[in-house]
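Everything numeric in this text was worked out from a predicted model, so none of it was measured.
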Amino acid sequence: QCTVQDGWQCDNSQPPSVCTEITELCDDDGDCPGSGLCNLASGGCYRPEDVFWVDCTAACPGTGALSDPFCALGDAVAAAGNGQIVALAGGTCDEAVSFAVSGVTLLGKNNATIQSSTCPTVQVTAAVTLRDVAIQGTGGVGGGVAVVDSGALVMTGVQVQAGDCIGVDCSGRSCEVRRSRILENSEGGIRVVDSDFILVNNIVALNGSNQSAFGGLSIDALAANPALVINNTIADNSGQGGGNAKGGVWCQSAAAVVNT
C-alpha cells in the first residue's frame with residue numbers, strides 16, 4: 001500500500017496500489033508558484049525540488065528555492081542531478097562553471113548572462129542542455145563553451161560572444177546547436193574535433209582574426225555520422241591570413257552543408 005506524499009496521489013482501491021505524480025497544469029511560468037517554471041512541452045509545472053534558482057545579486061548562500069535562490073551559479077550546478085534544472089533568474093553571473101553530471105539543464109530567464117575572463121567560461125563533460133542564456137568574456141577576455149571527454153551538449157537559444165577563445169569548442173561525444181548566435185570570438189566561432197555535430201538555424205558571424213587558425217566553422221569530426229550544417233548564416237568571419245582564408249566553413253571531414 002502506498003502512502004500520500006507531497007506531489008503524489010495514491011489509489012489503494014485495488015491491489016496493487018498505484019501512486020501517480022500530481023502535476024499542476026500551466027500555460028506559463030506564472031501558473032507555477034512552487035517551482036516558478038512551466039514545462040510547455042507537457043503543459044505541467046516542474047516540481048519545486050527539481051528546479052534550482054540562481055540570482056547572482058541575491059543574499060548568500062541561498063537554498064536554490066524560488067523564494068531563496070542561490071547567489072552563485074556553481075552552487076546550483078553542484079546541487080543539480082539528472083532531470084533537474086538550474087534556472088538563472090536574470091542579470092549577470094561573473095563566474096566560470098563546469099557541468100559534470102548528465103541530465104542537467106541550464107535555463108536562462110530575463111536575459112540572463114554568464115561572463116568570465118576564464119577560457120572556457122562554460123565547460124561540459126557530461127550530457128547537458130543549455131537554453132536561453134548569454135555566455136561571454138569580460139573585456140574581450142575569456143568566454144566560450146568547451147565540450148570535452150564524455151560531454152554531449154544540446155544548446156538552444158544561446159548567445160556566445162566577445163571572448164578571446166573559441167566560441168563553441170566541441171571535442172566530446174556530440175554537440176547539437178540550434179537557434180543560437182556565435183559572435184565575435186577572436187579564436188574562431190565553432191570547432192568540431194572527433195565529435196558528432198548538428199548545426200541548425202544559427203548565426204555564426206564576426207569570429208576569428210588574422211591570427212586565428214580558422215574563422216567561422218571548422219569541422220574535423222571523424223565521427224560515425226557526417227556533420228550536419230543546415231539553414232545557418234555564417235558570415236564576416238576571418239581566418240589565418242586575414243580575409244576569407246579559412247574564414248567561413250572549413251571542412252576537413254565529411255559534412256552535409258545545406259542552405260548555409
Side-chain angles (χ1 to χ4, degrees), residues 54 56-57 72-74 76-77 86 88 90-100 104-126 128-149 151-172 175-193 195 197 199 202-219 232-240 246-247 250:
V54 181
C56 290
T57 65
L73 176 58
V77 171
V86 174
L88 288 177
T92 300
C93 290
D94 291 290
E95 60 182 298
V97 67
S98 180
F99 289 86
V104 174
T105 294
L106 172 68
L107 173 64
K109 307 294 289 187
N110 303 314
N111 301 312
T113 299
I114 305 168
Q115 69 177 21
S116 171
S117 58
T118 299
C119 181
T121 290
V122 176
Q123 179 167 281
V124 174
T125 60
V128 169
T129 298
L130 305 180
R131 289 173 47 199
D132 303 331
V133 65
I135 299 167
Q136 64 188 34
T138 301
V141 178
V145 178
V147 185
V148 299
D149 300 330
L153 173 66
V154 176
M155 193 169 90
T156 303
V158 175
Q159 181 160 304
V160 184
Q161 184 174 16
D164 68 344
C165 50
I166 294 169
V168 179
D169 198 0
C170 186
S171 60
C175 288
E176 181 176 333
V177 181
R178 296 178 182 268
R179 295 191 294 103
S180 295
R181 295 160 60 90
I182 316 300
L183 308 171
E184 298 177 335
N185 300 283
S186 63
E187 286 299 309
I190 303 173
R191 179 173 67 180
V192 184
V193 179
S195 299
F197 180 65
L199 186 72
N202 302 277
I203 297 175
V204 182
L206 302 172
N207 299 286
S209 69
N210 59 10
Q211 301 297 317
S212 61
F214 71 100
L217 171 61
S218 172
I219 300 174
N232 302 281
T233 298
I234 301 177
D236 297 326
N237 301 283
S238 296
Q240 205 169 56
K246 302 178 183 176
W250 183 25

Does CG belonging to Asn111 count more than 12 external heavy atoms closer than 6.0 Å?
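Not more than 12 within 6.0 Å, no.
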Check whether [X] reaches the backbone of [Y] with its side chain - one donor and one acceptor, N or O, closer than 3.5 Å.
{"X": "Thr125", "Y": "Phe99", "result": "yes"}
{"X": "Ser195", "Y": "Gly172", "result": "yes"}
{"X": "Glu95", "Y": "Ala72", "result": "no"}
{"X": "Asn207", "Y": "Glu184", "result": "yes"}
{"X": "Ser209", "Y": "Gln211", "result": "yes"}

Taking C-beta and beyond as the side chain, do [X] and [Y] meet within less than 4.5 Å on heavy atoms?
{"X": "Ile166", "Y": "Asn185", "value": "no"}
{"X": "Leu88", "Y": "Leu73", "value": "yes"}
{"X": "Glu187", "Y": "Cys119", "value": "no"}
{"X": "Gln115", "Y": "Thr121", "value": "no"}

Working note: Met155 + Val160, criterion side-chain contact (heavy atoms from CB on, under 4.5 Å); need CA distance, chi angles, decisive distance, verdict.
CA-CA 11 Å; Met155 193 169 90; Val160 184; 4.1 Å; yes
Gap separating the [atom1] atom of [X] from the [atom2] atom of [Y], nearest 0.5 angstrom:
{"X": "Ser171", "Y": "Asp169", "atom1": "OG", "atom2": "CG", "value": "5.5 Å"}
{"X": "Arg191", "Y": "Phe197", "atom1": "CZ", "atom2": "CZ", "value": "12.5 Å"}
{"X": "Leu183", "Y": "Asp236", "atom1": "CG", "atom2": "CG", "value": "11.0 Å"}
{"X": "Asn202", "Y": "Leu217", "atom1": "CG", "atom2": "CG", "value": "10.0 Å"}

Minimum heavy-atom distance between [X] and [Y], given as atom pair plus value:
{"X": "Gly157", "Y": "Ser180", "answer": "N-OG, 3.4 Å"}
{"X": "Val104", "Y": "Val86", "answer": "CG1-CG2, 4.2 Å"}
{"X": "Ile190", "Y": "Phe214", "answer": "O-CE1, 3.2 Å"}
{"X": "Pro120", "Y": "Gly144", "answer": "CB-O, 3.7 Å"}
{"X": "Thr118", "Y": "Ala96", "answer": "CB-CB, 3.8 Å"}
{"X": "Val147", "Y": "Ala152", "answer": "CG1-N, 4.1 Å"}

Go through Leu153 and Leu130 one step at a time and tell me if the side-chain contact (heavy atoms from CB on, under 4.5 Å) criterion holds.
CA-CA 8 Å; Leu153 173 66; Leu130 305 180; 3.7 Å; yes
Residue pair Gln161, Gln136: steps toward the side-chain hydrogen bond (donor to acceptor under 3.5 Å, both in side chains) verdict
CA-CA 5 Å; Gln161 184 174 16; Gln136 64 188 34; over 6 Å; no
How far apart are the C-alpha atoms of Val192 and Leu199, what are their side-chain angles, what is the distance that settles it, and do they pass the side-chain contact (heavy atoms from CB on, under 4.5 Å) test?
CA-CA 11 Å; Val192 184; Leu199 186 72; over 6 Å; no
Go through the structure and list residues passing side-chain contact (heavy atoms from CB on, under 4.5 Å) with Arg178, not counting sequence neighbours.
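Listed in chain order: Thr156, Glu176, Ile198, Val200.
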